[in-house]
Every structure is written in structure tokens, then in C-alpha cells.
Amino acid sequence: MAELREIDDLSLTILRGGGPEFHAAVSGVLGSGLPETPNTTEMGRALWLGPDEWLVVSDADPAGALEEALEGQHCAIVDVSEARAVLELSGSGVMEVLASGCRLDLDALRPGSCAQTALARAHVLLEPSEDGVWRLYVGRSFLAYARAWLEDAIALQATPSSP
């Protein structure tokens, strides 16, 4: 059966910018580069959101180090940790739970990829991992709705169907 939990201790930072100097400075801070291919992630630390936009996910807030490294460059660094929640969905039946509310071809999403979509009526960013755990990044204003919807979908999936 699928299981749902909220991850509270992550720092989420939107990073916008571009160019070789920008990428080099960010790599120096994060220890890895930013993904440049649409809908991909870099070691689960940076998720591609657009041609010049990433969501940086980390255990510690990187904003100060990024601001220092990118000083004088045209960029934006915004801490969205309080604006977005992170849910993890794991266990058997995860794909069925997600598919019941998402129109994406979830089989096309592999570890190292990500996709922005609607789950039920909530905008989410989906990120599958190597171990079968799916992270869902959702706006805090939709958290209660998304959580309740996912819990209902899990309960329905666990209910034996009638013959």
C-alpha cells in the first residue's frame, strides 16, 4: 500500500539566471551543475523549471552562499521554503495513486526527471527517485487539499474491489 509523508526540513530556493559565469558560480556553491535539459534534475538537488529557472533543494539554506557567489550578476534568488511543501509518496501502488489524478504519462518519468502538472486540481512538481519514492512539491495553499486527495486515493487503492 502507498504511504504519504511530509518532509519539513528542506530548503527550497528558486534560482533564475544564465550564462557561463552564472553556471560556474552556482556549481561552485552546490557542488554540481544545474540541469539544462527540460524536465530533468541534477542529483535531486536542482530541478529544471524553465530555460533560466530552477528549484534548488537542499538540507541547508544555500541563499547566502548563492548571493555571495553571484554578486554583480543578473539573477534572482528566492527562498520559497515557506511557500511550498514537500510530500513523499512511497510503497506499492504509488503509480496507480498518482495516475488516478494526473494526466501525464507517468511511465515516461524516470529518476533524474521532473514534471510540472496538475494532480487532481492542485499544481504540483513531480520528481521520481531511484528507490521508487515520488516527491511532490506543492504550494502551501494547496497542501491540505493535496494531502486529503492523496489520502483518499490511497484508501481507495487499498480497498478490495467487488467481484
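Predicted model, so just to flag it, every value in this text is computed and none were measured. Computed from heavy atoms alone, side chains included, the values below leave out hydrogens, waters and symmetry copies.
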Query - Set of ring pair (Phe, Tyr, Trp, His ring centres under 6.0 Å) partners for H123, sequence neighbours left out - result: none

Atom pair [atom1] ([X]) and [atom2] ([Y]), whose distance is rounded to the nearest 0.5 Å:
X    : Y    : atom1 : atom2 : result
L136 : R147 : CG    : CZ    : 11.0 Å
D131 : S90  : CG    : OG    : 8.5 Å
E21  : C75  : CD    : SG    : 11.5 Å
Q116 : L125 : CD    : CG    : 5.5 Å
L49  : C114 : CG    : SG    : 6.5 Å
L66  : D61  : CG    : CG    : 8.5 Å

[X] side chain to [Y] backbone, donor-acceptor under 3.5 Å:
X    : Y    : answer
W48  : W54  : no
E6   : L87  : no
T159 : A155 : yes
Y137 : L55  : no
R45  : S58  : no
S27  : H23  : yes

**Report entry** L156/V97 under side-chain contact (heavy atoms from CB on, under 4.5 Å): CA gap, chis, key distance, verdict
**Finding:** CA-CA 9 Å; L156 285 173; V97 168; over 6 Å; no

How close do [X] and [Y] get, counting heavy atoms only, and between which atoms?
X    : Y    : result
P128 : R110 : CG-O, 3.4 Å
Q157 : G93  : NE2-CA, 2.9 Å
A46  : L34  : CB-CD2, 3.7 Å
P111 : E130 : CB-OE2, 3.5 Å
A120 : Y145 : CB-OH, 3.2 Å
S32  : E42  : OG-CG, 3.7 Å

Query raised in the report: Do L106 and L126 have side-chain heavy atoms sitting under 4.5 Å apart?
Result: yes

Query raised in the report: Mind checking whether W134 and M95 have side chains closer than 4.5 Å, heavy atoms only?
Result: yes

Query raised in the report: Going through the distances and angles, do V57 and R135 end up as a side-chain contact (heavy atoms from CB on, under 4.5 Å)?
Result: CA-CA 11 Å; V57 180; R135 278 198 175 164; 3.9 Å; yes

Query raised in the report: V138 and side chain to side chain contact (heavy atoms under 4.5 Å, CB included): which partner among V124, L119, L150?
Result: V124

Query raised in the report: Same hydrophobic cluster for L89 and L143, using side-chain heavy-atom links shorter than 4.5 Å among ILVMFWY?
Result: yes

Requested in this report: Before giving the answer on side-chain contact (heavy atoms from CB on, under 4.5 Å), spell out for V56 and L30 the whole-Å C-alpha distance, their side-chain angles and the decisive distance to 0.1 Å.
Outcome: CA-CA 9 Å; V56 176; L30 300 181; 3.8 Å; yes

Show me the donor-acceptor pairs within less than 3.5 Å that the side chains of residues 10-20 make with the rest of the protein, sequence neighbours left out.
residue	atom	partner	partner atom	Å
R16	NE	D52	OD1	3.4
R16	NH2	D52	OD1	2.7
R16	NH2	D52	OD2	3.4

Query raised in the report: Can you check side-chain contact (heavy atoms from CB on, under 4.5 Å) on L4 and E88, steps first, answer last?
Result: CA-CA 6 Å; L4 179 66; E88 281 191 349; over 6 Å; no

